[in-house]
Amino acid sequence: MSTIAENIAKVRERIREAAQASQRDSATIGLLAVSKTKPAAAIREAHAAGLRDFGENYLQEALGKQLELADLDLTWHFIGPIQSNKTKPIAEHFAWVHSVDRLKIAERLAAQRPAGLPPLNICLQVNVSGEASKSGCTPDELPALAQAVTQLPQLRLRGLMTIPEPTDDPAEQHAAFARLRELRDRLGPGLDSLSMGMSHDLEAAIAEGATWVRIGTALFGARDYGQP
Ligand SMILES: *Cc1c(COP(=O)(O)O)cnc(C)c1O
């Protein structure tokens, strides 16, 4: 078994090579470590190896780890589906939310973001694969949602996020990520973030302009949802 520090080195090397292949500066690509289901000790290890940005999907689990790790300088990103009755702790305890896909959620986050904190960084999640079951707004809904979110106080619209239908076909991976980039570009200047690419497809995402790759398995190993 490899250690988390070794895994981080390998992922950084993949990011560096992918950036080089598309003439990008790898410093413009953030490594967001997805720590869902993993213990606080794993985050501590990743922090010791230099990571600062961590993504969580489950609110209660995330809040517990935040308490345990309050001594570290970490930036927390919420990346999971959001129920409207969970927006307040998300607005209070995270710096970024990548998974906003409807106006009601954005309005609640804006109203509940404490005045003493900087604006909450927002990525709008878009469904670029057209599957009915997936979360994310449709490309058609995006312009109006983006326009409305930019009007809200205490939020800073940074860009778009997507989780495409999983595929091993590089051409399909590229097509989905290129679609997100085009949608971002069409919204106009000022959106600096594209949150796309996971353990199996970060190369395609970086080639298409990712500024955050969200990496879980390649850093922390497979997730076990079975045992408590
Ligand atoms: C779990 C998760 C990831 C990480 O996926 P891996 O394949 O383990 O790298 C990335 N983004 C989101 C939204 C996730 O839920």
Side-chain angles (χ1 to χ4, degrees), residues 15 19 24-35 51-57 59 62 73-82 86-87 89-128 135-139 141-164 176-198 202 205-216:
I15 292 172
R24 296 188 57 199
D25 177 356
S26 59
T28 63
I29 301 155
L31 172 52
L32 176 56
V34 176
S35 42
L51 297 193
R52 293 295 178 270
D53 290 276
F54 292 85
E56 290 279 344
N57 298 54
L59 182 63
D73 56 328
L74 302 176
T75 300
W76 293 96
H77 300 239
F78 194 84
I79 63 172
I82 305 173
K86 301 280 175 61
T87 51
I90 292 174
E92 290 171 348
H93 295 280
F94 290 81
W96 285 73
V97 181
H98 293 232
S99 44
V100 173
D101 64 0
R102 55 198 197 278
L103 184 57
K104 180 185 177 190
I105 296 296
E107 287 172 341
R108 292 179 62 94
L109 291 170
Q112 294 166 336
R113 180 69 168 173
L117 293 181
L120 186 58
N121 295 294
I122 300 291
C123 289
L124 300 176
Q125 183 173 352
V126 187
N127 179 351
V128 294
S135 32
C137 72
T138 67
E141 292 164 340
L142 178 63
L145 177 59
Q147 177 58 31
V149 169
T150 56
Q151 309 300 312
L152 294 172
Q154 281 296 80
L155 301 187
R156 182 168 170 214
L157 181 61
R158 298 296 297 267
L160 305 181
M161 179 274 228
T162 196
I163 311 172
F177 295 138
R179 182 105 174 84
L180 196 72
R181 172 171 40 79
E182 288 157 12
L183 290 167
R184 192 271 313 263
D185 292 347
R186 230 178 284 157
L187 291 175
L191 300 184
D192 61 12
S193 301
L194 283 174
S195 169
M196 58 189 197
M198 315 202 313
L202 71 86
I206 288 171
E208 300 301 338
T211 65
W212 286 113
V213 288
R214 307 181 309 269
I215 309 298

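All values below were derived from every heavy atom in this structure, side-chain atoms included, with hydrogens, water molecules and symmetry-related copies excluded.
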Could you list the residues that satisfy side chain to side chain contact (heavy atoms under 4.5 Å, CB included) with Leu191, not counting sequence neighbours? Leu157, Arg184, Leu187

Check: Thr162 side chain, Met196 main-chain N or O, donor-acceptor pair, under 3.5 Å: no

Scan for salt bridge (charged side-chain N to carboxylate O under 4.0 Å, His left out) pairs involving residues 150-162, sequence neighbours excluded, and state none if there are none. Arg158-Asp192

Distance in Å, Glu141 CD paired with Asp101 CG, rounded so as to fall on 0.5 Å steps: 8.5 Å

What are the two closest heavy atoms between Ala62 and Phe94, and how far apart are they? CB-CZ, 3.8 Å

Using side-chain contact (heavy atoms from CB on, under 4.5 Å), reason through Leu117 and Glu92 one step at a time and then give a plain yes or no. CA-CA 8 Å; Leu117 293 181; Glu92 290 171 348; 5.6 Å; no

Between Leu103 and Ala148, which heavy-atom pair has the shortest distance, and what is it? CD1-CB, 3.6 Å

Can you list the steps and then say if Trp76 with Glu56 is a side-chain contact (heavy atoms from CB on, under 4.5 Å)? CA-CA 8 Å; Trp76 293 96; Glu56 290 279 344; 3.8 Å; yes

Test side-chain contact (heavy atoms from CB on, under 4.5 Å) applied to Leu155 and Val149, Asn121, Val100, the passing residue: Val149

Partners of Phe177 by ring pair (Phe, Tyr, Trp, His ring centres under 6.0 Å), sequence neighbours excluded? none

Does Gln112 have any side chain to side chain contact (heavy atoms under 4.5 Å, CB included) partners at least two apart in sequence or in another chain, and if so, which? Thr87, Lys88, Ala91, Arg108

Do you know which two heavy atoms are closest between Asn127 and Pro139, and how far apart they sit? O-CD, 3.5 Å

To the nearest 0.5 Å, what is the distance between CG (Leu120) and CZ (Phe78)? 11.5 Å

With a 4.5 Å limit on heavy-atom distance, are the side chains of Leu183 and Val128 in contact? yes

Which residues share a side chain to side chain contact (heavy atoms under 4.5 Å, CB included) with Pro81, sequence neighbours left out: none

Between atom NE2 of His98 and atom CG of Leu124, what is the distance when rounded to the nearest 0.5 Å? 12.0 Å

Restricting to non-hydrogen atoms, name the atom on Ala115 and the atom on Gln154 that form the minimum distance, rounded to 0.1 Å. CA-NE2, 3.7 Å

Distance col, row Met161:CE vs Gln125:CD, nearest 0.5 angstrom, shows 4.0 Å

Nearest-0.5 Å distance, CD1 of residue Ile79 to CG of residue Asn57: 4.0 Å

Between Ile90 and Leu59, the two heavy atoms sitting closest are CG1-CD1, 3.8 Å

Are Arg102 and Cys137 close enough, and set up right, to give a side-chain contact (heavy atoms from CB on, under 4.5 Å), and what steps lead you there? CA-CA 7 Å; Arg102 55 198 197 278; Cys137 72; over 6 Å; no

CG/Leu32 to OG1/Thr211 distance, rounded to the nearest 0.5 angstrom? 10.5 Å

Residues Ile163, Met198; criterion side-chain contact (heavy atoms from CB on, under 4.5 Å); working and verdict: CA-CA 8 Å; Ile163 311 172; Met198 315 202 313; 4.2 Å; yes

For residues Gly197 and Ile215, report the shortest heavy-atom separation together with the two atoms involved. O-CD1, 4.3 Å

Look at the rings of His77 and Trp96 and say which category their plane angle falls in: under 30° parallel, 30 to 60° tilted, over 60° perpendicular. parallel

Could you tell me which residues satisfy side chain to side chain contact (heavy atoms under 4.5 Å, CB included) with Asp185, sequence neighbours excluded, listed by chain and number? Arg181

Between Arg24 (side chain only) and Ala210 (backbone N and O only), is there a donor and an acceptor less than 3.5 Å apart? yes

